[in-house]
There are 2 protein chains.
Amino acid sequence: MSALRHERASRTQPDDPTTATRILDEAERLAQTRGFNGLSYADVAAVVGTSKAALHYHFSTKADLGRALIERYTERFFTALDEIEASDAAAPERLQRYVRLYADVLKQDRLCLCGMLAAEYTTLPDPMRGALRVFFDRNEVWLTDLLEAGRRAGTLRFDGPARDSARALMAVLEGAMLLARAYGDTKHFDAAAAYLIREVTAAG
Amino acid sequence: MSALRHERASRTQPDDPTTATRILDEAERLAQTRGFNGLSYADVAAVVGTSKAALHYHFSTKADLGRALIERYTERFFTALDEIEASDAAAPERLQRYVRLYADVLKQDRLCLCGMLAAEYTTLPDPMRGALRVFFDRNEVWLTDLLEAGRRAGTLRFDGPARDSARALMAVLEGAMLLARAYGDTKHFDAAAAYLIREVTAAG
DNA sequence: GTCTATAACGAGATAGAC
DNA sequence: GTCTATCTCGTTATAGAC
């Protein structure tokens, strides 16, 4: 028992839902609602029930915390994309499930973490900027592959390079979240998403 | 001469390009690049060449400054839209000119002021929130009217309510600016905008 | 691993002279 | 209308006890 506890304590990033994880959870929530600059160690510590100093033990600087946030978010997001990959759904259904990932975030009154951080881009420390672009690059690749497969199969329809459509798709999703939240009305998002899916889904 | 100077001094908001205007100019630039929360009185004062206290004379609180920023931006934006209205261009051409308004902002390495503020929405003082929604509401109305006119004339093509397409259009423009700036590459924006215009423009 | 205490700085805002 | 000076508060970050 005490041996086990000691083993946990000796790790810098425990994988059971302890302090570090709860810090990330609350920091993520705040970053998605108020932005990274609108997030303070004091806010996080208050909810987690610890002290500002304890936070600095786990994430020595705010830039470290921010980078960890993006990396965890990215991993979780692409785990969800892997599940879509693993299914036998056709391209339009996969696209809808992709859109639903964004819609689920918005339903929690949050923005996409990386969309929010993109707005704050010029004020972010360098390691965070790099991690952000990794997220968007991987999204672009995933979507581009999906669009090309759908076009080959005749289930998706669009003109021009698939990559351009992938970028437009990401843009409309990020932008629609932004506007929907300002209106406190997820229907703004749903309407924009439905429009995009309709445009890209082959008739019949 | 001294009478003239006195007349100017007696106004709270002079309409010649003096201090208040220069404050707004620089505050706007900072808000569009770093965000409203990333903008400080000290930053603005340094560029304008005055003091923080002088700023407080013109805009007693930061919320006042913010509201003034949005209102001036909105007026300027709709002045540009009025010019498009006044032209005899067809709907597709008008839409392209609308998109160009956004592209021009991005070329200055800025985001749409209101798109940026939408990301910071939850942290904004109430008067600013109201002013923001006025901007988006008026945009939605203007675009909806344009889309409906184009569909009637047979020059634009889209399914469903024009308002939904208007919202999707705004979303993709705001989102594409966000992503393009993170990549430091306006081509990201141009590709997304071109995709949207292509989808909505009637063939032939 | 977490605490108290505090350093060091920058923010928005105010007072009062000129 | 603008200045200097200052106040108060919140921020990130650190030191050192336990």
For this session: Answer yes or no for A/Arg138 and A/Phe78: cation-pi contact, defined as NZ/CZ to six-membered ring centre under 6.0 Å and angle to ring axis within 45°.
Result: yes
Exercise. Can you check the A/Asp64 CG to D/dT12 P distance for me, whole Å?
Worked result: 14 Å
For this session: For A/Leu39, answer base if it contacts any base atom (sugar-phosphate contacts may also be present), sugar-phosphate if it contacts only those atoms, and nothing otherwise; contact means non-hydrogen atoms under 4.0 Å.
Result: sugar-phosphate
For this session: With A/Glu26 as reference, evaluate A/Ile23, A/Leu24, A/Leu30 under the side-chain contact (heavy atoms from CB on, under 4.5 Å) test and give the passing residue.
Result: A/Leu30
For this session: May I ask you to evaluate whether A/Thr19 reaches the phosphate of C/dT2, defined as a side-chain N or O under 4.0 Å from OP1 or OP2?
Result: yes
Problem set entry | Rounded distance (Å) that lies between atom P of C/dG12 and atom CG of B/Leu30 | 11 Å
Please write out each protein N/O paired with an N/O of nucleotides 3-6 of chain D under 3.5 Å, distance rounded to 0.1 Å.
from  : atom 1 : to      : atom 2 : distance (Å)
D/dC3 : OP2    : B/Thr50 : OG1    : 2.5
D/dC3 : OP2    : B/Ser51 : N      : 3.0
D/dC3 : OP2    : B/Ser51 : OG     : 3.0

Problem set entry | Nucleotide D/dT14, atom C1' - distance to NZ of A/Lys62 in whole Å | 18 Å
For this session: Compute both the distance and the angle, then confirm whether B/Lys62 meets the cation-pi test with B/Phe36: under 6.0 Å from the six-membered ring centre, within 45 degrees of the axis.
Result: yes
For this session: Kindly point out which of D/dT12, C/dG12, D/dT2 is positioned nearest to the side chain of A/Ser40?
Result: D/dT12
Exercise. Just how far is it from atom CG of B/Leu95 to atom OG1 of B/Thr201, taken to the nearest 0.5 Å?
Worked result: 6.5 Å
Exercise. Atom NE2 of B/His58 and atom P of C/dG12: how far apart are they, to the nearest Å?
Worked result: 17 Å
Exercise. In whole Å, what is the span from the CD1 atom of B/Ile23 to the C1' atom of D/dT2?
Worked result: 11 Å
Problem set entry | N or O in side chain of B/His56 less than 4.0 angstrom from D/dT2 OP1/OP2 | no
For this session: Applying ring pair (Phe, Tyr, Trp, His ring centres under 6.0 Å) between A/Trp142 and each of A/Phe136, A/Phe77, A/Tyr98, report the one that passes.
Result: A/Tyr98
For this session: Could you tell me whether A/Arg151 and A/Glu148 have a side-chain N and a carboxylate O separated by less than 4.0 Å?
Result: no
Exercise. Between A/Asp190 and A/Lys187, is there a side-chain N and carboxylate O pair less than 4.0 Å apart?
Worked result: no
Exercise. Separation of A/Tyr57 atom OH from D/dG16 atom C1', in whole Å?
Worked result: 16 Å
For this session: May I have the distance from B/Tyr41 (atom OH) to D/dG10 (atom P), rounded to whole angstrom?
Result: 18 Å
Exercise. Can you tell me how far P of D/dG10 sits from CZ of A/Arg34, to the nearest Å?
Worked result: 13 Å
